[in-house]
There are 2 protein chains.
Amino acid sequence: MTQLKPMRADARRNYERLLKAAAEAFAEHGEGASLDDIAKRAGVGSGTLYRHFPTRQALLEAAYLDRIEAMAARAGELADRLPPGAALEAWLHEVCVGTVQVRGMKALLGSAVADGGTAALNACGTPMRAAAARLVEAAQKEGTLRADVEPSDVLRLAHGVAGAAELADPEGGQLTRYLSLLTEGLRPRP
Amino acid sequence: MTQLKPMRADARRNYERLLKAAAEAFAEHGEGASLDDIAKRAGVGSGTLYRHFPTRQALLEAAYLDRIEAMAARAGELADRLPPGAALEAWLHEVCVGTVQVRGMKALLGSAVADGGTAALNACGTPMRAAAARLVEAAQKEGTLRADVEPSDVLRLAHGVAGAAELADPEGGQLTRYLSLLTEGLRPRP
DNA sequence: TGCGGGAACGGAGACCTTCTCCGTGCTGGG
DNA sequence: CCCAGCACGGAGAAGGTCTCCGTTCCCGCA
């Protein structure tokens with residue numbers, strides 16, 4: 001996301017302001033927050049917002065990129081502290097909690113794991129997939145995870161399960177239980 | 001949904017037209033289809049649409065109610081033809097296929113299984129829950145389904161898994177595989 | 001330090017959608 | 001056949017997205 005030519009001072013300032021305003025607005029109103037309102041909060045014109053972020057998706061990604069990267073980094077920490085299977089489980093739990101708690105992040109993570117195809121090089125999908133790959137491979141080597149699933153599968157299923165848990169209880173009270181059913185299903189056949 | 005006083009002839013005609021137009025529009029553009037466009041297709045004013053269906057949700061429910069009821073009825077057929085565990089699996093598969101194929105039905109089914117609480121008496125949730133309950137109880141009695149899950153849990157998880165499969169492949173190519181991982185997780189611990 | 005080219009700004013405005021309000025017209029029971 | 005009143009329909013307010021273009025303000029160079 002860094003610019004080839006460094007940004008002009010005012011441009012950089014507006015960019016930062018927009019990011020901050022966007023994170024607030026998305027947290028408050030969910031992914032559907034009004035873009036013009038975000039521009040107003042940031043004290044810039046809507047033209048400026050659309051120049052920096054051509055689509056809602058682009059803004060969402062930029063606004064939450066730091067959180068996403070923090071999540072990806074957590075995978076490394078957990079991998080160091082816990083045996084592979086447990087690390088994967090714990091990480092998925094944290095990811096799902098984030099998905100449910102931070103309004104607006106659900107849509108972002110969803111699109112990040114969409115379209116298993118070739119392209120899909122969005123800024124959020126890449127670190128998440130990389131983090132998942134590390135945990136998934138370790139768990140498969142350890143033998144606590146089916147060999148026929150891919151990191152993307154695991155992320156997608158976790159995302160789906162988080163959505164299911166949210167349907168059951170918007171506070172996420174069912175998340176642990178639902179997630180344990182998923183990990184049960186992901187264990188190798190005995 | 002039937003009226004207490006029978007509807008006036010013109011009212012009934014408009015109601016039917018709206019239903020037909022809505023089913024078309026939702027299938028074509030997904031759940032976000034323009035309501036005013038639906039009114040135009042039906043050849044009525046938007047006021048008429050909003051009088052019959054105060055919310056998008058209400059229209060969605062009414063437009064797809066027959067399909068939902070057909071799905072619920074399928075549960076009975078499958079229960080007669082197959083052993084309980086297989087019947088549940090087959091039914092969930094059909095439900096998920098419908099969810100993925102018919103644009104606009106996903107949101108409807110999602111809301112139908114939301115909020116496991118007391119109320120949630122929407123027209124679609126009730127038959128779906130009832131159908132699920134029958135299959136779930138039979139499978140639990142047979143011993144092919146964990147005893148600690150409820151019909152609503154199963155529906156929600158299936159809905160989540162269908163969403164995950166759609167992320168992987170909008171055509172639904174991964175549905176069978178993802179669903180089998182779920183049913184694996186729903187089997188009783190050996 | 002001062003200037004000028006051009007990047008970046010910002011808000012007016014075109015267009016779309018939702019939803020309401022109320023004058024109009026049609027239906028159907030008496 | 002008639003008229004009370006239900007249902008119609010479209011104009012219009014409110015609010016959103018996104019673009020265009022005249023204006024402002026940086027910053028490199030003299």
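Letters A, B, ... mirror the listed sequences (proteins, then strands); counts begin at 1.
- For the segment residues 21-42 of chain A, the set of residues with a heavy atom within less than 4.0 Å of an atom of DNA chain C is empty.
- Taking atom CG on Leu49(B) and atom C1' on dC21(C), their separation rounds to 16 Å, with Å as the unit.
- Counting only distance, with no hydrogens or angles, the side chain of Arg56(B) and the backbone of Ala33(B) share a donor-acceptor pair below 3.5 Å.
- Remark: His52(A) is in phosphate contact with dC9(C), judged by side-chain N or O atoms under 4.0 Å from OP1 or OP2.
- Listed by first and then second residue, the side-chain hydrogen bond (donor to acceptor under 3.5 Å, both in side chains) pairs that reach into residues 95-107 of chain B are Lys106(B)-Glu166(B), sequence neighbours excluded.
- Between Phe53(B) atom CZ and dA7(D) atom P there is a gap of 14 Å when expressed in whole angstrom units.
- Atoms OH (Tyr15(B)) and P (dA7(D)) sit 13 Å apart, rounded to a whole Å.
- Counting non-hydrogen atoms of neighbouring residues, nucleotides and ligands closer than 6.0 angstrom, the CD atom of Glu150(A) reaches no more than 12 such neighbours.
- Residue Arg51(A) is the one, among Arg51(A) and Ser46(A), whose nearest nucleotide of DNA chain C lies closer to the 5' end (criterion: closest heavy atom).
- Mapped onto DNA chain C by nearest heavy atom, Pro54(B) and Asn14(A) fall at different nucleotides, with Asn14(A) at the one closer to the 5' end.
- Salt-bridge check for Arg156(A) with Asp153(A): passed, with a basic side-chain N closer than 4.0 Å to an acidic carboxylate O.
- For His52(B), the ring pair (Phe, Tyr, Trp, His ring centres under 6.0 Å) partners are Tyr15(B), not counting sequence neighbours.
- In this view, Tyr50(B) satisfies the ring pair (Phe, Tyr, Trp, His ring centres under 6.0 Å) rule with no residue, not counting sequence neighbours.
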Original post:
Tell me, for nucleotides 23-30 of chain C in 5' to 3' order, what letter each nucleotide earns: B for a base near a protein heavy atom under 4.0 Å, S for only sugar-phosphate near one, - for neither?
Top reply: --B-SS--
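- In this structure, Arg56(A) atom CZ and dT17(D) atom C1' are separated by 9 Å, rounded to whole Å.
- Look at CG on Leu59(A): it is 13 Å from C1' on dT17(D), rounded to the nearest Å.
- Under a 3.5 Å cut-off, the side chain of Gln140(B) and the backbone N or O of Val149(B) do form a donor-acceptor pair.
- Taking atom OH on Tyr50(A) and atom P on dG16(D), their separation rounds to 11 Å, with Å as the unit.
- Across dA11(D), dC8(D), dC9(C), the shortest atom-to-atom separation from the side chain of Thr48(B) is found for dC8(D).
- Within the structure, the side-chain hydrogen bond (donor to acceptor under 3.5 Å, both in side chains) test picks out the following pairs touching residues 16-33 of chain B (sequence neighbours left out): Arg12(B)-Glu16(B), Glu24(B)-Arg41(B), Glu28(B)-Arg41(B).
- In this structure, Gln57(A) atom CD and dT17(D) atom P are separated by 14 Å, rounded to whole Å.
- Atom pair Arg12(A):CZ and dA8(C):P shows a separation of 12 Å (rounding to whole Å applied).
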**OP:** Could you check Tyr64(A) against Val102(A) for side chain to side chain contact (heavy atoms under 4.5 Å, CB included), going step by step and ending with a plain yes or no?
**Re:** CA-CA 10 Å; Tyr64(A) 284 126; Val102(A) 181; 3.7 Å; yes
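- Residue Ala11(A) places its side chain closer to dC9(C) than to any other of dC9(C), dG11(C), dG9(D).
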